[in-house]
Amino acid sequence: PPDVEALGRSTWTLLHSIAATYPKEPSSTQKSDLKTFLGAFSRLYPCWVCAEDFQSYMATQQIAVGSRDEFGKWLCEAHNAVNTKLGKSTFDCSKWEERWRTGWKD
Ligand code: FAD
């Protein structure tokens, strides 16, 4: 089975990078692509316990696909839910773009 930690880090990089490049004003096709992608992702993610919990999360917190900002914040909150479950500290979601799009100095 895959290394759950390395898989997680690479996957969060992919997901937050998708948020960072998602349009500010997405078309209806782009919105439905994002929903379809994340729905399939939550069923195919190759850490089964992670996938199950992520599906439950998505069932209660409807994915926000209306804009880059909405999706970026939604994803940040979803990532924070996993951080909390794993006993990690949470991330300040006002800084998600700084971390994943515009970059910061450190
Ligand atoms: P990661 O959590 O991988 O984060 C990588 C980087 O993202 C951090 O260094 C930080 O700079 C940034 N970051 C952190 N939080 C946020 C945030 N809220 N928003 C934006 N950026 C942020 N592991 C399990 O053991 N059990 C699970 O059930 C589980 N479920 C998962 C579900 C999903 C959908 C994914 C993608 C991963 C899951 N993982 C799970 C893996 C876990 O989330 C971590 O990826 C892994 O533990 C490695 O953690 P890390 O401390 O290196 O940082």
Side-chain angles (χ1 to χ4, degrees):
D3 174 334
V4 169
E5 296 230 327
L7 174 70
R9 276 190 289 275
S10 331
T11 302
W12 288 122
T13 299
L14 172 64
L15 293 174
H16 291 295
S17 300
I18 288 173
T21 56
Y22 189 66
K24 289 184 175 173
E25 292 179 15
S27 66
S28 50
T29 303
Q30 287 166 320
K31 291 183 206 173
S32 78
D33 281 352
L34 185 55
K35 281 190 210 162
T36 303
F37 172 77
L38 273 193
F41 164 85
S42 73
R43 292 185 292 277
L44 294 167
Y45 192 62
C47 157
W48 315 125
V49 55
C50 308
E52 248 178 52
D53 286 357
F54 194 63
Q55 283 171 56
S56 308
Y57 184 85
M58 287 186 60
T60 60
Q61 302 296 319
Q62 210 191 354
I63 173 176
V65 299
S67 67
R68 176 186 302 163
D69 193 55
E70 272 188 24
F71 177 59
K73 295 254 164 64
W74 182 90
L75 186 62
C76 183
E77 300 295 343
H79 192 163
N80 271 339
V82 178
N83 289 342
T84 299
K85 177 175 81 165
L86 298 179
K88 296 176 196 271
S89 47
T90 55
F91 185 90
D92 176 356
C93 287
S94 70
K95 295 197 160 70
W96 83 268
E97 268 196 292
E98 200 182 339
R99 168 68 178 88
W100 293 104
R101 198 175 74 84
T102 54
W104 56 33
K105 303 180 192 86
D106 67 358

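First listed ligand is number 1; within each ligand, the first listed atom is number 1. If you read the sequence from its start, that first residue is 1, and numbering goes on from there.
- Taking any N or O of Cys76, backbone or side chain, at least one lies under 3.5 Å from an N or O belonging to ligand 1.
- Proximity of a side-chain donor or acceptor of Gln30 to a complementary backbone N or O of Ser27 within less than 3.5 Å is detected.
- For ligand 1, the atoms sitting less than 4.0 Å from at least one non-hydrogen atom of His16 are 19 (N), 20 (C), 21 (N), numbered in the order shown with element in parentheses.
- Residue contacts with ligand 1, taken as heavy atom pairs separated by less than 4.0 Å, do not involve Leu7 at all.
- Close approach to Val82 involves these atoms of ligand 1, each under 4.0 Å from a residue heavy atom: 29 (C), 30 (N), 31 (C), 43 (O).
- The backbone N or O of Phe91 sits nowhere less than 3.5 Å from a side-chain atom of Trp96 that would complete a donor-acceptor pair.
- Using a 4.0 Å cut-off to heavy atoms of Asn80, the atoms of ligand 1 that qualify are 18 (N).
- Val65 and Leu14 end up in the same hydrophobic cluster when Ile, Leu, Val, Met, Phe, Trp and Tyr side chains are linked at under 4.5 Å.
- Contact between Trp12 and ligand 1 is present, with at least one heavy atom of the residue lying under 4.0 Å from the ligand.
- Which of Ala51, Cys50, Ser42 comes nearest to atom 32 (C) of ligand 1 through a heavy atom is settled by distance: it is Cys50.
- Set against the non-hydrogen atoms of Thr11, the atoms of ligand 1 under 4.0 Å away are 36 (C).
- The OG atom of Ser17 sits 12.5 Å away from the CH2 atom of Trp12 when rounded to the nearest 0.5 Å.
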>> As a quick check of understanding, evaluate side-chain hydrogen bond (donor to acceptor under 3.5 Å, both in side chains) for Ser67 and Asp69, giving each step before the final call.
In response: CA-CA 5 Å; Ser67 67; Asp69 193 55; 5.5 Å; no
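- Only the side chain of Leu86 comes within contact range of ligand 1, with a heavy atom under 4.0 Å; no backbone atom does.
- Under the 30°/60° scheme for interplanar angles, the aromatic rings of Phe54 and Trp74 are found to stand perpendicular.
- For ligand 1, the atoms closer than 4.0 angstrom to any heavy atom of Lys85 are 27 (C), 28 (O).
- In this structure, Glu77 falls outside the shell of residues with a heavy atom less than 4.0 angstrom from ligand 1.
- Side-chain atoms of Tyr57 do not come within 3.5 Å of backbone N or O of Val82 as any donor-acceptor pair.
- In the candidate list Lys88, His79, Arg9, Lys88 is nearest to atom 47 (O) of ligand 1, counting heavy atoms.
- Rounding to the nearest 0.5 angstrom, the gap separating the CD1 atom in Ile63 from the CD atom in Glu70 is 10.5 Å.
- Between Arg99 and ligand 1, a contact under 3.5 Å exists for at least one N or O pair.
- Ring geometry for Phe41 versus Tyr45: interplanar angle of 30 to 60°, hence tilted.
- Residue Trp100 has at least one nitrogen or oxygen atom sitting less than 3.5 Å from a nitrogen or oxygen atom of ligand 1, judged on distance alone.
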